[in-house]
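Atoms considered below: every heavy atom in the structure, side chains included; atoms not considered: hydrogens, waters and symmetry mates. All residue numbers refer to positions in the sequence shown, counting from 1.
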Amino acid sequence: MATTRTAHTVWEGNLLEGNGVVTFDSSGIGQQPVSWPSRAEKANGKTSPEELIAAAHSSCFSMALSHGLAGAGTPPTRLETKADVTFQPGEGITGIHLTVRGEVPGLDEDGFRSAAEDAKKNCPVSQALTGTTITLTAELA
């Protein structure tokens, strides 16, 4: 069965001086403020579309990698994934770099890298972001 998750943003003012609030409707986890300076300069306690994409990508990739490793008979003990989403004003999102460090008993470095590359290629968020260059660093702990 398909699922739909919902968030909404209320924005007030123009791009450079305005601000908004993102509300996480489906989960009810709250609201986060957003602004152009938090996106293009320093975060200053506010989020950005790129940070939200980073959160989505790191969690989706971790789920996909965990599933792939378990399916291959080497379930992970722990995966720690970081997603760095680069935003260049005037250009947009110019790249995403995933860094994953895993504890996977019975798996060597090459096997882990291969599983990580597969997860990078096939996780639903990666597939949704195919217009963006996605790179990966994967290593066992």
Side-chain angles (χ1 to χ4, degrees), residues 1-11 13-141:
M1 173 173 23
T3 58
T4 300
R5 300 292 182 252
T6 304
H8 77 274
T9 300
V10 175
W11 185 269
N14 66 32
L15 174 63
L16 298 180
E17 297 165 3
N19 60 69
V21 175
V22 177
T23 301
F24 298 89
D25 299 313
S26 300
S27 64
I29 61 172
Q31 300 178 325
Q32 291 295 314
V34 296
S35 68
W36 177 256
S38 71
R39 184 177 193 182
E41 299 165 16
K42 291 189 178 192
N44 291 322
K46 297 179 181 176
T47 193
S48 68
E50 291 72 28
E51 184 178 36
L52 297 171
I53 289 170
H57 205 176
S58 66
S59 59
C60 183
F61 171 86
S62 295
M63 290 179 197
L65 180 54
S66 176
H67 181 67
L69 289 167
T74 53
T77 304
R78 177 180 164 85
L79 298 172
E80 184 175 337
T81 305
K82 180 173 95 169
D84 295 307
V85 178
T86 303
F87 174 74
Q88 177 64 46
E91 279 184 61
I93 294 173
T94 58
I96 299 171
H97 184 75
L98 297 170
T99 303
V100 62
R101 186 169 176 86
E103 295 173 15
V104 187
L107 189 64
D108 65 13
E109 206 67 50
D110 287 340
F112 184 68
R113 281 192 197 106
S114 176
E117 284 290 343
D118 187 63
K120 179 187 81 147
K121 177 181 164 192
N122 292 307
C123 95
V125 171
S126 289
Q127 291 179 347
L129 299 171
T130 55
T132 303
T133 300
I134 302 170
T135 56
L136 171 70
T137 300
E139 62 181 31
L140 291 172

message: Taking the basic N atoms (NZ, or NE/NH1/NH2) and the acidic carboxylate oxygens, is any pair closer than 4.0 Å for K120 and D118?
response: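 Salt bridge flag = no for D118 with K120.
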
message: Taking K82 first and then E80, would you say they form a salt bridge - that is, a charged N and a carboxylate O separated by under 4.0 Å?
response: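 Between E80 and K82 there is no salt bridge, as every charged N stays at least 4.0 Å from the carboxylate O atoms.
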
Tell me whether [X] at atom [atom1] has more than 12 heavy atoms from other residues, nucleotides or ligands lying less than 6.0 Å away.
X	atom1	answer
H97	NE2	yes
Q88	CD	yes
E139	CD	yes

message: Determine whether V100 and F112 satisfy the following criterion, side chain to side chain contact (heavy atoms under 4.5 Å, CB included), listing intermediate values before the conclusion.
response: CA-CA 10 Å; V100 62; F112 184 68; 4.1 Å; yes

Could you tell me if the side chain of [Y] sits less than 4.5 Å from the side chain of [X], heavy atoms only?
X	Y	answer
K42	P37	no
T47	S38	no
K46	V34	no
E17	W36	no

Atom [atom1] in [X], atom [atom2] in [Y]: separation rounded to 0.5 Å?
X	Y	atom1	atom2	answer
S35	L16	OG	CG	10.5 Å
T137	D84	OG1	CG	9.5 Å
L98	S58	CG	OG	8.0 Å
H67	C123	NE2	SG	12.5 Å
Q127	C60	CD	SG	8.5 Å
F61	I96	CZ	CD1	12.5 Å

query: side chain to side chain contact (heavy atoms under 4.5 Å, CB included) between Q32 and F24: does it pass, once the steps are laid out?
result: CA-CA 8 Å; Q32 291 295 314; F24 298 89; 3.8 Å; yes

Heavy-atom closest contact ([X] atom, [Y] atom, distance):
X	Y	value
P89	A40	CG-CB, 3.9 Å
A116	A138	CB-CB, 3.7 Å
W11	G18	CZ2-C, 3.6 Å
P76	L69	CD-CB, 3.9 Å
L140	E109	N-OE2, 2.9 Å
T74	G106	CG2-O, 4.1 Å

- request: Check the side chains of S62 and T81 for a donor-acceptor pair under 3.5 angstrom, ignoring hydrogens and angles.
  value: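 Yes, because at least one side-chain N or O of T81 sits under 3.5 Å from a partner of the opposite role on S62.
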
query: Which residue, H57, E50, E51, forms the side chain to side chain contact (heavy atoms under 4.5 Å, CB included) with V85?
result: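 In the set H57, E50, E51, the residue that makes a side chain to side chain contact (heavy atoms under 4.5 Å, CB included) with V85 is E50.
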
query: Under the 3.5 angstrom rule, does the side chain of T23 hit a backbone N or O of D25 as a donor-acceptor pair?
result: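 No, the answer is negative, given that no donor and acceptor are paired below the 3.5 Å cut-off.
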
